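Since we're looking at a predicted model, the values are computed, not measured.
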Amino acid sequence: MITGNKSNKPQIVFGLSILTAIYWCLGQLIDVYDLAVVGAIFEILWLPMLAMLVILPIICVINLVKEKFKVNSLYLYSFLIILSTFIYLTLKS
């Protein structure tokens with residue numbers, strides 16, 4: 001087994017940004033309160049997803065600066081996903 005210093009942090013941030021985008025877009029597209037269970041889950045996850053919508057871009061920008069703005073960085077794509085989600089939520093409302 002080969003062990004390296006490669007971190008899974010970019011993949012985790014990318015996955016969380018996709019999860020956050022899916023959560024907010026589905027919340028806008030479907031009626032989450034149609035079923036009580038789905039509405040309850042949506043309400044429980046609301047505050048953590050709102051925090052991720054704010055914290056993830058900050059994490060992405062900090063790491064992009066550390067990586068000297070590489071084009072193939074997952075942080076860049078995570079930032080673009082969160083930014084497009086934020087724009088979508090702003091224009092949809």
[atom1]-[atom2] distance between [X] and [Y], expressed to the nearest 0.5 angstrom:
X	Y	atom1	atom2	result
I22	M49	CD1	CE	9.5 Å
F86	L56	CZ	CG	13.5 Å
L16	M52	CG	CE	5.0 Å
I18	T85	CD1	OG1	10.0 Å
W24	L89	CH2	CG	7.0 Å

Could I get the full list of ring pair (Phe, Tyr, Trp, His ring centres under 6.0 Å) partners for F42, not counting sequence neighbours?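 Ring pair (Phe, Tyr, Trp, His ring centres under 6.0 Å) check on F42 returns Y23.
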Residues forming a side chain to side chain contact (heavy atoms under 4.5 Å, CB included) with I41, sequence neighbours excluded: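 For I41, the residues satisfying side chain to side chain contact (heavy atoms under 4.5 Å, CB included) (neighbours in sequence not counted) are V37, L45.
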Side chain to side chain donor-acceptor pair (under 3.5 Å) pairs, two or more places apart, involving residues 51-74: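 As it turns out, the side chain to side chain donor-acceptor pair (under 3.5 Å) pairs with a partner in residues 51-74, which skip direct neighbours, are E67-S73.
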Among residues two or more places apart or on two chains, list those pairs meeting side chain to side chain donor-acceptor pair (under 3.5 Å) that have a residue in residues 43-57.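 Pairs touching residues 43-57 that pass the test: Y33-E43.
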Quick one: name the residues clustered hydrophobically with I58, using the 4.5 Å side-chain heavy-atom rule over I, L, V, M, F, W, Y, and just say none if it's on its own.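 Grouped by the 4.5 Å side-chain rule, I62 form the rest of the cluster around I58.
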Could you report the tightest heavy-atom contact between G27 and V32, atom names first, then the distance?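 The answer is CA-CG1, 4.2 Å.
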Distance-only check: which donor-acceptor pairs under 3.5 Å involve side-chain atoms of residues 75-83, not counting sequence neighbours?
| residue | atom | partner | partner atom | Å |
| --- | --- | --- | --- | --- |
| Y77 | OH | V71 | O | 3.2 |
| S78 | OG | F14 | N | 3.4 |
| S78 | OG | L74 | O | 2.9 |

Do L50 and I44 land in one hydrophobic cluster if side-chain heavy atoms of ILVMFWY residues count as linked below 4.5 Å?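 Unlinked, L50 and I44 end up in two clusters.
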Transitive ILVMFWY side-chain link L47 to I55, under 4.5 Å: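 Looking at the clustering, I55 is in the same group as L47.
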